[in-house]
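Below is one structure, written out as structure tokens; the observations come after it.
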4 protein chains.
Amino acid sequence: MTAAADGLAEARVGPSARREHILDAAEACFTRNGFHRTTMQDLAREAAMSPGNFYRYFESKEALVLGLVERERERGTLLVAEMEGSSDPRGTLLGLIARYFMSITREAAALRVEIWSESTRNPAIAAMTVQTEAESRDWFVATLSALATTPACDPAALYALLAPLMKGIVVSRAALPDYDVAGAVTQIHQLLHAGLDGRLPCPADARSPAGL
Amino acid sequence: MTAAADGLAEARVGPSARREHILDAAEACFTRNGFHRTTMQDLAREAAMSPGNFYRYFESKEALVLGLVERERERGTLLVAEMEGSSDPRGTLLGLIARYFMSITREAAALRVEIWSESTRNPAIAAMTVQTEAESRDWFVATLSALATTPACDPAALYALLAPLMKGIVVSRAALPDYDVAGAVTQIHQLLHAGLDGRLPCPADARSPAGL
Amino acid sequence: MTAAADGLAEARVGPSARREHILDAAEACFTRNGFHRTTMQDLAREAAMSPGNFYRYFESKEALVLGLVERERERGTLLVAEMEGSSDPRGTLLGLIARYFMSITREAAALRVEIWSESTRNPAIAAMTVQTEAESRDWFVATLSALATTPACDPAALYALLAPLMKGIVVSRAALPDYDVAGAVTQIHQLLHAGLDGRLPCPADARSPAGL
Amino acid sequence: MTAAADGLAEARVGPSARREHILDAAEACFTRNGFHRTTMQDLAREAAMSPGNFYRYFESKEALVLGLVERERERGTLLVAEMEGSSDPRGTLLGLIARYFMSITREAAALRVEIWSESTRNPAIAAMTVQTEAESRDWFVATLSALATTPACDPAALYALLAPLMKGIVVSRAALPDYDVAGAVTQIHQLLHAGLDGRLPCPADARSPAGL
DNA sequence: CATGAATGAGGCTTCATTCAT
DNA sequence: GATGAATGAAGCCTCATTCAT
């Protein structure tokens with residue numbers, strides 16, 4: 001490659017492409033080793049880039065994590081677009097959920113757990129977690145509403161059940177080597193069917209928590 | 001106990017009492033700041049003890065974490081003894097669960113999440129997590145079996161639902177400042193009632209996960 | 001060399017130059033205080049370098065010692081090149097030996113002894129000591145063979161006498177403030193002359209060690 | 001054992017016996033691991049004694065080393081008494097030397113080297129080394145004088161050869177796993193015979209060291 | 001823009017020594 | 001006399017970050 005072409009090649013790569021490249025490297029490293037165990041040197045090797053250069057695109061290592069979480073959030077938004085104009089929306093939703101859990105690796109799950117953990121000590125990441133949760137909730141409630149076959153279905157309550165359940169599945173996937181993900185997916189499916197068809201105990205039935 | 005004996009009691013703190021004292025300090029620090037952010041100096045301050053002294057009771061900082069998890073596990077075993085000989089076993093179970101979730105602080109939940117996270121990178125902690133999970137599962141399945149009012153209740157399946165759900169509630173408690181724990185407890189209660197009374201969709205109904 | 005080039009030369013110190021610089025500092029510190037008493041901070045001061053920077057060039061403090069020993073070994077190899085094509089080989093050999101012992105400082109001798117001592121506990125240094133010894137032996141035997149004036153000279157036996165003698169002189173130089181190095185050199189010279197000229201008792205004369 | 005007997009047993013063990021016991025333990029530990037690698041805890045275990053108790057008998061760890069060296073020196077004095085009134089003094093001397101070198105373990109040799117090394121940094125140990133050397137020299141010169149068969153034998157010169165040679169053998173024994181001690185002993189024997197019988201090059205022949 | 005050598009604060013751990021009992 | 005728990009000063013090393021080139 002000539003110097004001129006080289007220059008062009010460099011010109012072609014905008015700052016946002018650089019950011020993406022760095023985030024790719026970060027994702028690879030963080031997934032492999034977690035971000036506490038990943039050093040900026042590791043990142044530099046993975047990104048084929050000097051350590052100092054990161055700081056032109058991200059303020060700090062923490063900002064990198066933040067960028068990664070942010071990108072993940074955006075990807076979630078995109079992923080979910082699959083629902084649009086599906087002829088079998090309920091099947092599509094179930095498929096989406098199944099695919100997510102069946103394809104997540106232990107390492108990826110571990111990174112999610114690590115991020116939740118970091119969330120509890122780091123306000124910036126916490127904010128992002130809260131926002132992701134809110135978006136997730138909004139989307140789910142809207143989607144569930146559209147899929148309900150009976151007014152007896154309470155989409156908000158269904159989500160309130162689903163949300164921790166899904167988080168817990170990720171934790172289990174990460175921390176328990178023999179965890180049965182497929183079984184968990186099956187249970188979510190059943191729960192969703194039941195919930196959407198109004199066959200789940202209603203929050204209206206609730207007695208306030210006893211034993212306190 | 002006489003005053004003299006009392007004095008002796010204070011002086012003759014056995015090694016296990018020392019360990020407890022250290023674990024208390026560790027619990028306080030780790031709960032407050034997480035164990036990655038807790039230094040041995042912090043611990044020393046909290047335990048009113050010189051840093052070097054820890055190493056008479058624990059091999060390393062990691063061993064301290066391990067000791068803490070182990071103690072937590074034992075406490076779980078004790079906690080659960082409450083069920084023995086209760087006149088209202090189902091109510092007692094519900095109460096136990098309610099109390100656990102209603103009383104857990106954000107920080108304590110955060111520590112649990114951090115431990116799960118550490119579990120994914122640290123074999124020793126992983127082993128402990130797996131063991132705790134196995135014990136938890138055994139106890140729950142036995143207890144649920146005893147509480148079922150119909151053969152249609154599948155205790156193993158019910159626990160398979162409960163386990164990630166409870167983990168997810170801990171995660172939510174830790175990572176979402178406004179998380180509605182009480183609501184979650186109510187839902188667990190309903191789920192338990194439904195499950196024990198055979199009103200939950202059976203795993204027998206399962207279609208294999210679709211969408212892959 | 002232009003001023004600009006000079007500037008570049010100062011700036012572009014290759015990694016091996018850095019290593020040399022560090023080894024120089026290490027040699028100074030270790031010679032002054034021994035390496036057990038030398039801290040990485042001492043080294044940092046001596047090398048005008050931050051402590052962390054050493055670890056870009058050497059894996060550990062031990063590796064530093066190793067590097068120093070290795071360099072010493074290479075220097076020995078170079079030193080010995082002086083023999084090549086000398087018109088008075090025997091004189092050159094005697095001169096070499098004389099120079100070595102007359103110029104070694106107490107501190108330098110002390111460092112050698114410390115390295116031998118370390119050799120007994122540290123496998124990596126032991127390996128290097130063994131290798132140095134083997135090389136030294138090979139060179140000496142070859143050189144003595146070339147210098148012998150009679151087949152009655154047994155170069156291997158002569159080296160077997162010389163080797164511990166020289167080590168012992170180093171020890172004496174290090175541990176005995178008033179040790180007479182010049183006298184020792186004289187004795188080595190005499191021994192060498194006698195050995196090379198076949199005037200030393202032959203190992204063939206040996207009775208096996210008595211008194212056991 | 002009754003309390004009274006216990007008290008008697010304790011009384012029977014004088015402070016100097018205690019010192020011996022401690023030195024025994026120190027010798028065992030130091031020989032096994034060197035004294036830099038031996039902790040006071042190791043010593044305590046070996047001596048079946050509390051760490052604090054050492055300080056009633058020795059000022060510091062260094063004093064322990066010193067005590068050990070001192071005892072070694074005294075033992076040397078005793079060892080040498082064997083020469084007194086022997087019917088075959090030369091054979092006895094050769095036997096003494098042979099026995100010393102053939103029976104010394106690598107570890108014991110290593111400890112000697114470590115002590116020489118320490119000698120170079122520690123004035124108290126240095127003083128002891130110097131004194132030992134002086135005593136050794138006096139004894140050897142006297143003994144060699146008595147054994148000489150010709151006035152051509154220069155006992156002082158012979159010792160000046162012997163002394164570093166023997167030190168070097170100890171170093172070699174310590175640092176070179178395959179070192180041939182028996183061969184070295186044979187050479188010392190030959191050298192002694194030659195020296196005592198005036199068949200060794202005289203220092204009178206010496207030219208001053210060349211090559212400087 | 002990019003580099004990568006350098007920084008330096010701070011972490012975990014060790015261990016000779018002390019002192020209350 | 002004896003104990004052994006406790007001390008606390010260092011020591012080695014790591015790694016996010018900077019900055020001269």
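In what follows, every chain begins at residue 1, and chains take the letters A, B, ... in the order their sequences are listed. Excluded from the calculations below are hydrogen atoms, water molecules and symmetry mates; all remaining heavy atoms, backbone and side chain alike, are included.
Straight-line distance from the CD atom of C:Glu59 to the P atom of F:dC13: 10 Å, rounded to whole Å. The nearest whole Å value for the distance from the CZ atom in C:Phe54 to the P atom in F:dG11 is 14 Å. Between C:Gln41 atom CD and E:dT7 atom P there is a gap of 12 Å when expressed in whole angstrom units. Atom CZ of C:Arg45 and atom P of E:dG8 are 14 Å apart (whole Å). In this structure, the CG atom of A:Asn53 is 14 Å from the P atom of F:dT18, given to the nearest Å. Nucleotide F:dG1 holds its P atom 14 Å from the NE2 atom of D:His21, rounded to whole Å. The separation between D:His36 atom NE2 and F:dG11 atom C1' is 14 Å, rounded to whole Å. The distance between atom CZ of A:Phe58 and atom P of E:dA2, rounded to the nearest whole Å, is 13 Å.
Note on ring orientation: taking the six-membered ring where Trp is involved, the planes of B:Phe30 and B:Phe35 are perpendicular (angle over 60°, cut-offs 30° and 60°).
A distance-only check finds a donor-acceptor pair linking the side chain of A:Thr31 to the backbone of A:Glu27 [under 3.5 Å]. Listed for the D:Thr132 side chain is a donor-acceptor partner under 3.5 Å among the backbone atoms of D:Met128.
Distances from the side chain of A:Arg56 to the nucleotides F:dC13, E:dA2, F:dA2 place E:dA2 closest. Side-chain proximity of C:Ser60 to the nucleotides F:dC13, E:dC15, E:dT7 is greatest for F:dC13.
Remark: F:dA20 base-pairs with E:dT3; criterion is Watson-Crick or G-U wobble with both hydrogen-bond distances under 3.5 Å.
Both B:Gly52 and D:Tyr55 lie close to DNA chain E; mapped to their nearest nucleotides by heavy-atom distance, the more 5′-ward contact belongs to B:Gly52. Between C:Phe35 and B:Ala48, the residue whose closest nucleotide on DNA chain F is further toward the 5' end is B:Ala48. Checking D:Lys61 against B:Met40, the closest nucleotide of DNA chain E that is more toward the 5' end is the one next to B:Met40.
The side chain of B:Arg18 places an N or O atom within less than 4.0 Å of a non-bridging phosphate oxygen (OP1 or OP2) of F:dA6. In terms of phosphate contacts, D:Ser50 brings no side-chain nitrogen or oxygen within less than 4.0 Å of OP1 or OP2 of F:dG4.
The existence of a salt bridge linking C:Arg32 and C:Glu114 is excluded, since no basic side-chain nitrogen approaches an acidic carboxylate oxygen closer than 4.0 Å.
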In sequence, state the C-alpha distance, the side-chain angles, and the governing distance for A:Leu43 and A:Leu64, and then conclude on side chain to side chain contact (heavy atoms under 4.5 Å, CB included). CA-CA 11 Å; A:Leu43 241 43; A:Leu64 254 160; 3.6 Å; yes
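D:Tyr57 comes within 4.0 angstrom of sugar-phosphate atoms only, judged by non-hydrogen atoms across all strands, and of no base.
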